[in-house]
Structures are given as C-alpha cells and as structure tokens.
Amino acid sequence: MGAGVAGLATALAAAPRPVLLVGGSPPGSGGCTALAQGGIAAAMAFDDSAAAHARDTMTAGANHNDYEAVQYLVGNAGLAVRWLQAQGIDFDRDADGLQLGREGGHGCPRIVHAGGDASGHALLTALAQAAQQARHITWRAPAWLDAIQLRDGRISGVALADTATRMPQELACAELVLATGGCGALFAATTNPATADGNGLALALACGARLRDSEFVQFHPTALDVEQDGALPLITEALRGAGARLVDDEGRAVMDTLHPMGDLAPRDHVARRVWEYRQAGGRVWLDATSLRGDWEQRFPTVVALCGQHGIDPRQQRIPVTPAAHFHMGGIAVDLDGYTSVPGLYAVGEVACNGVHGANRLASNSLLEGVVFGRRLGHRLADIRLHAPSSGQHHWVDRGRTADAQALGILQQLAWSTLGPVRHGSRMIEAERYLATDDRLHETWQGKLIARFLLAALQRQKSLGAHFRADDWK
Ligand code: SIN
C-alpha cells in the first residue's frame, strides 16, 4: 500500500513474487515523493566516505539513531544511486561527473539531484514506469486501504476502495506492506500534501502494531511563508548549500552566532531559530539574490513556486516559515521491515527502524525509501508462503474520520503544542482539551495526536527535533 519511492522500490525488488501495488493517486503522481526537492545523499566524492556520512547522520539525529540501520543506509547509498541510474534516472552532472550539492548537517557536498530541485518527481516518474513494465506487479490506483483483516493475530486480508467509487472490495492477502508516507498534514503548517495525514499509522495502530519515537517530528525551516490552504511550498535547503543566507527584517544574518555550521546547521536548530523570530513578531527571509549560475536548471521548482506568489527569488528575498516536514517516528520495524503484527510490514516514512534518530539528515529520506524498500522487497521475494489458518477472522479499521472543522482544530492544536518548540504545561492542557471533546478525540486523527502528545510528554528532555522549552537541563 503506497506507490511513492519506498513502495515502488519494495514492489520492484519483490520480483518474481506477485505484487498488487495500491497507490492513492494515478501511477507516477501525488504523495510526498513527487514534491521532494532534495536528492539522494551518498558519499561519492573522492574525499568523502560512508563513515563521514554516518557521522553526519548520527550528529543530526542527536545520536538517538540505530547504529546498525545507519551503517546499512550509508553503506548502500552508492549502490542505490547506481540502481536508480539503471532504472533510467539521469542524475545532474558537471565537468567532474555527478554534480554534488550540499545541504544542512552535511560536512561536505554529497547530494545528487535529478532535474535540479525536481528530484522527487524525476525518481517517481522513472520508478513508476519501471513498475508499470514489471510483469510481477499489478497496479491498482487511485485506491484507498479501508480496513485490514486479521486471523489468529496475523494479516489475512484487506478491504480496498477505489477512490472514485468508494466501493470497498475484500481481498485475501498474506503479506501487507504499508508504505503510506508521513503525517505532516496533521499540522496546520506543513510541506506535506493532504494525503500525508498518518492514515497508515492509524490503521497499524488499530491492528495493535507497536509505534516508536512518535514524538520526533521534523520541521523544515524554510517553507514559503504565504497564506494558503494545504501544503506550503518548500524552499529547498540546497539554496543555502549554494550560498543563500537566512536574514531578519533588517537583513542581518540570523544563524551566524547560533551554530558553528551557520545557515547549514542541522534542520532542528535552524527551524527553532526561525520559529523564535516569528514568535517575537519578526520575519525571517531567505536571501538567495547573490546566487549566480543557472537557476532554471538547478532550482526550477523554487523559481516556479515563488513565481506563483509574485516573488522572483533571483531579485527578491523569500519570506520563510518552519513547517512540519518529516516524521522520524512511526510503526516500529526491524531492518527488514517487520512490524510487531505477523504479516504486516512497513517501510519509508510511515515506518521507524531508528535510522534517522531524533532528527533526519537532509536528503536521507529518498535514500531510505530506496535502500530499505529494496531490502524488504528482497526479503518478501524469499519468504515462505504462509498457509492460511482456519481461525476466526475480524476486521480492523481506523475508526471515525474527522470532518473538515474538527480536522482544522486538530491541526492548529498539533501545530501550537507539538511544533518546533514545546512546553509541558501546554501539552497537558492540549491533552485535557482533546479528552473532553468527543468530536476530536474519537476520530483517528485525534487519537494519533493524543499518542504524539503522550510520547512528547513522556520525553521530558529535549532531544533533536523534540525541543522542550521547559527542559531546564
Ligand atoms: C530540501 O530540499 O530542503 C528538503 C530535502 C529533505 O527533506 O531531505
């Protein structure tokens, strides 16, 4: 379930095992992968190494990372790039070979892009095409996973609904992979599309799957600060890697005194800085006007997104705001993608194998989708088929869905209490408020936010992206 980078990599690697690939939108479109502007982090330069990539990943993750998962990720990054090239992805080049960009938290340039800041779109198009040509894969899209059937505690079926008809159809299935993406859309300010609302997480939770690290949500420091419903346009960190600076209303650099890496500090530091300026009534701007070179080739998405709001980033500073961007937590899985429910697997942003720790390093997420998706796919190709049991079955669904008004309240609540800066007392108040309003806490979105609040309250010390203003050290 899910046809972004992680779902596609899993499905392709599962050959020759037959796969029904269910996507929420037509093949090659929609979801977070399509919007991703960052590329793939891989130590490809002669003076770089997997060890240095691992170090940066662990530092960004506040050393909360699973060490083995990090080693596997960085150790397979070069292979992932070559595999993607074999799928037809044409990574950007310069005179020295693959062009390597730099983003926050990386000690050196190590990000490969395809089509500049349209990398996610390029990946999705090529992988979706490969999956459409693969004989072991049958597509079903756009469709939605309504419910899961369990028999003797293991997965035995799914109820799918085509998005257009909403008519559910029951299918037997021995192995179900959730690759449904993140939950940024549960927050009032987000870079994620509305479909990244934690729906996979909610279903796994209803099945009794264990979650892990739910409190760790990453806020991207530079979403475009404009009034608009839904996802805020992302202004890629690669601009800062190329020399753009974050400045205040008076044009003074805001990161210089805060972190030795300045504008390229790990994302959590930068997001909090921007948040604090805005809480104090100021604004923060990304000044990219000194950048020279080919904007149209390297940053076509940023030029187009800013243009839609009357901003020319080559001539004008870009107003920015933090926004929920990536969930480091998720369904607890091992490195093979096994959850605590037999027959249920998870991969990509919906899953948590600990690779990102408390804060993901830039451009490690498409990489995670490819590396761990392929690992899970290979595993599924080899797995011994489970003989169906004759026990009683039962169906599990998410429960009630919030209507538009309740969802708006929940999103504001999540943003104000679980945003870049958290306060224990405000989170307790939010918990109480949720518990007293049936319209909110009986919905699956309300239940997820209650889970996040609980996890954030239980972690009393700041760590990575989970920053508690009431942690007096
Ligand atoms: C960005 O391009 O700034 C986002 C990349 C990422 O989330 O890794």
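One is the number of the first residue; the rest follow in order along the sequence. In listed order, ligands and their atoms are each counted from 1.
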Query raised in the report: Mind checking whether Y338 and R379 have side chains closer than 4.5 Å, heavy atoms only?
Result: yes
Report task. Taking S363 for its side chain and G39 for its backbone only, find out whether a donor-acceptor pair lies under 3.5 Å. Result -> yes
Query - contact_flag S363 ligand 1 heavy-atom lt 4.0 Å - result: yes
**Report entry** Closest approach of A185 to A194 (non-hydrogen atoms, all atoms of both residues)
**Finding:** CB-O, 3.8 Å
Query raised in the report: What orientation do W415 and W275 show, parallel under 30°, tilted 30 to 60°, or perpendicular over 60°?
Result: perpendicular
Query raised in the report: Out of curiosity, D471 CG to H423 NE2, how far, rounded to the nearest 0.5 Å?
Result: 12.0 Å
Query raised in the report: What is the minimum heavy-atom distance between H106 and A41, and which atoms define it?
Result: CE1-CB, 3.7 Å
Requested in this report: For ligand 1, find out whether one of its N or O atoms is nearer than 3.5 Å to an N or O atom of H325.
Outcome: yes
Query raised in the report: Where is the tightest heavy-atom contact between T417 and M427, given as atom of each residue plus distance?
Result: O-CG, 3.6 Å
Query raised in the report: Are any of the N/O atoms in A238 less than 3.5 Å from those in ligand 1?
Result: no
Query raised in the report: Are any of the N/O atoms in Q218 less than 3.5 Å from those in ligand 1?
Result: no
Query - Numbered atoms of ligand 1 (with element) below 4.0 Å of G38, judged on heavy atoms - result: 2 (O), 5 (C)
Query raised in the report: Does R360, backbone or side chain, put an N or O under 3.5 Å from an N or O of ligand 1?
Result: yes
Query raised in the report: Mind checking whether E103 has an N or O less than 3.5 Å away from an N or O of ligand 1?
Result: no
**Report entry** Per-atom contacts, ligand 1 versus T236 - under 4.0 Å to a heavy atom
**Finding:** 1 (C), 2 (O), 3 (O)
Query - Any N/O pair S365/ligand 1 closer than 3.5 Å - result: no
Report task. Could you list the atoms of ligand 1 found under 4.0 angstrom from a heavy atom of E237? Result -> 1 (C), 2 (O), 3 (O)
Query raised in the report: For ligand 1, which atoms, with element, lie under 4.0 Å from some heavy atom of Q37?
Result: 2 (O)
Query raised in the report: At a non-hydrogen distance cut-off of under 4.0 Å, which region of R240 contacts ligand 1 (side chain, backbone, both, or neither)?
Result: neither
**Report entry** Numbering as shown, the atoms of ligand 1 that approach A362 to under 4.0 Å (heavy-atom distance)
**Finding:** 8 (O)
Query raised in the report: To the nearest 0.1 Å, how far is atom 5 (C) of ligand 1 from its closest protein heavy atom, and which atom is that?
Result: R267 NH2, 3.3 Å
**Report entry** D92 and R298 ion-paired at < 4.0 Å
**Finding:** no
Query raised in the report: So D48 and R110, salt bridge (charged side-chain N to carboxylate O under 4.0 Å, His left out) or not? Walk me through it.
Result: CA-CA 8 Å; D48 196 4; R110 83 165 56 101; 2.8 Å; yes
